[in-house]
Amino acid sequence: MLYRVELREAAAKLLSDATDAGPNVFSKRALPLTQEALPAIYLSAPSDTARSTGRNAPEFVRTAQLNVDAMVSEGTPEATQDALDALTEQIELLIMQDVGFQARLSQVSDISTQQEVTSENSAYIGKVRVAFSLEYFEEFSPGGMPVTSLDLHMQARGNTDFAEARDTFPLPNLQ
């Protein structure tokens, strides 16, 4: 499973356990929901970027975008804004203060928040997107056969049998 998907699912579990949205936290569902099903949270990890750490083994610093979209609906614009602010704070605090979630990352390099309250079909709907840039390290194991032994033959100043060595590696020690 892609690591950004693992991060999305871990964040979904975290948010469903401790926000006002309760069980209405979705990571594999499309919009829309009815007003009666609000508050609700949708999580997606739509993109990531990998930057090489150098010209050595294939290692990367990856930055995954985790979007947390939340919706609330209350009877007045003021109540909707208050509910939206409370849910936004819950999202940010849970993601940023959960030790287990943060241990999966090297850092959160960016947080962006956009909110709006609108009136659709005479209902007040508050929407927020909290976008987290989650940075982590990833390396790819080289393919091929595992190294099980090493044969060295050295020559010096025309002597083709100057030195030689042989060593075998037990398979359990290989990674």
Side-chain angles (χ1 to χ4, degrees), residues 1-54 56-141:
M1 176 182 303
L2 292 171
Y3 196 64
R4 71 175 174 267
V5 174
E6 290 181 26
L7 291 172
R8 181 193 71 204
E9 295 306 312
K13 171 97 174 86
L14 183 65
L15 296 174
S16 67
D17 289 345
T19 62
D20 291 341
N24 290 339
V25 176
F26 307 104
S27 64
K28 299 176 184 172
R29 181 176 172 164
L31 289 169
L33 281 178
T34 63
Q35 182 182 352
E36 295 76 33
L38 301 180
I41 297 175
Y42 295 90
L43 290 96
S44 63
S47 65
D48 73 39
T49 304
R51 289 181 316 278
S52 175
T53 60
N56 45 7
E59 298 175 334
F60 295 90
V61 175
R62 291 193 86 119
T63 304
Q65 185 74 30
L66 175 67
N67 292 337
V68 182
D69 295 301
M71 297 173 61
V72 298
S73 181
E74 298 294 331
T76 66
E78 295 83 8
T80 300
Q81 185 65 58
D82 288 345
L84 188 61
D85 290 340
L87 190 55
T88 301
E89 181 179 31
Q90 291 169 7
I91 291 166
E92 283 193 31
L93 290 177
L94 285 166
I95 296 293
M96 295 306 298
Q97 292 180 337
D98 186 80
V99 174
F101 187 79
Q102 289 295 317
R104 297 169 167 261
L105 311 171
S106 61
Q107 71 170 339
V108 176
S109 58
D110 188 61
I111 302 172
S112 173
T113 305
Q114 296 177 327
Q115 281 188 351
E116 72 173 329
V117 175
T118 62
S119 177
E120 299 175 8
N121 301 327
S122 36
Y124 295 102
I125 305 288
K127 300 175 186 176
V128 65
R129 170 171 280 180
V130 185
F132 296 91
S133 296
L134 308 177
E135 199 171 284
Y136 58 95
F137 296 102
E138 183 176 44
E139 65 180 55
F140 295 92
S141 298

Full working for side-chain contact (heavy atoms from CB on, under 4.5 Å) between Ile41 and Asp69: CA-CA 6 Å; Ile41 297 175; Asp69 295 301; over 6 Å; no
Side chain proximity check, Met96 to Val108, heavy atoms < 4.5 angstrom: yes
Side-chain heavy-atom pair Thr88, Val130 within 4.5 angstrom cut-off: yes
Side chain proximity check, Leu94 to Phe101, heavy atoms < 4.5 angstrom: no
Pairs flagged by side chain to side chain donor-acceptor pair (under 3.5 Å) wherever residues 2-11 is involved - sequence neighbours left out: Arg4-Asp48, Glu9-Ser27
Atom pair CD/CZ of Gln114 and Arg129 - distance to nearest 0.5 Å: 7.5 Å
Side-chain donor or acceptor of Ser133 paired with backbone N/O of Gln65 under 3.5 Å: no
Closest contact, heavy atoms only, Leu38 versus Ser73: CD1-CB, 3.8 Å
Taking every non-hydrogen atom, the tightest pair across Ala11 and Leu66: CB-CD2, 3.8 Å
From CA spacing to verdict: side-chain contact (heavy atoms from CB on, under 4.5 Å), Asp85, Gln115: CA-CA 9 Å; Asp85 290 340; Gln115 281 188 351; 3.2 Å; yes
Distance (rounded to the nearest 0.5 Å) between Ile95 CD1 and Leu43 CG: 7.0 Å
Ser16 (side chain) donor-acceptor with Lys13 (main chain) under 3.5 angstrom: yes
Any side-chain donor near an acceptor of the partner, Glu59 and Ser52, under 3.5 Å: no
N/O donor-acceptor pair under 3.5 Å between Ser44 side chain and Pro46 backbone: no
Glu139 vs Thr53 side-chain heavy atoms within contact, under 4.5 Å: no
Nearest-0.5 Å distance, OH of residue Tyr136 to OG of residue Ser106: 10.0 Å
Pairwise ring-ring contact (aromatic ring centres under 6.0 Å, His included) hits with a residue in residues 66-91, at least two apart: none
Shortest non-hydrogen separation from Ala70 to Ile91 and the atoms involved: CB-CD1, 3.9 Å
Close side-chain approach of Arg62 to Leu134, heavy-atom, < 4.5 Å: no
Contact list for residues 89-112, test salt bridge (charged side-chain N to carboxylate O under 4.0 Å, His left out), sequence neighbours left out: none
Side chain Thr80, main chain Glu74, donor-acceptor under 3.5 Å: yes
Ring geometry between Phe26 and Tyr42 (parallel below 30°, tilted from 30 to 60°, perpendicular above 60°): tilted
Atom of Pro39, atom of Val72 and distance for their closest heavy-atom approach: CB-CG1, 3.8 Å
Non-hydrogen side-chain atoms of Leu84 and Val117 separated by less than 4.5 Å: yes
Donor-acceptor pair, side chain of Gln90 and main chain of Asp20, under 3.5 angstrom: yes
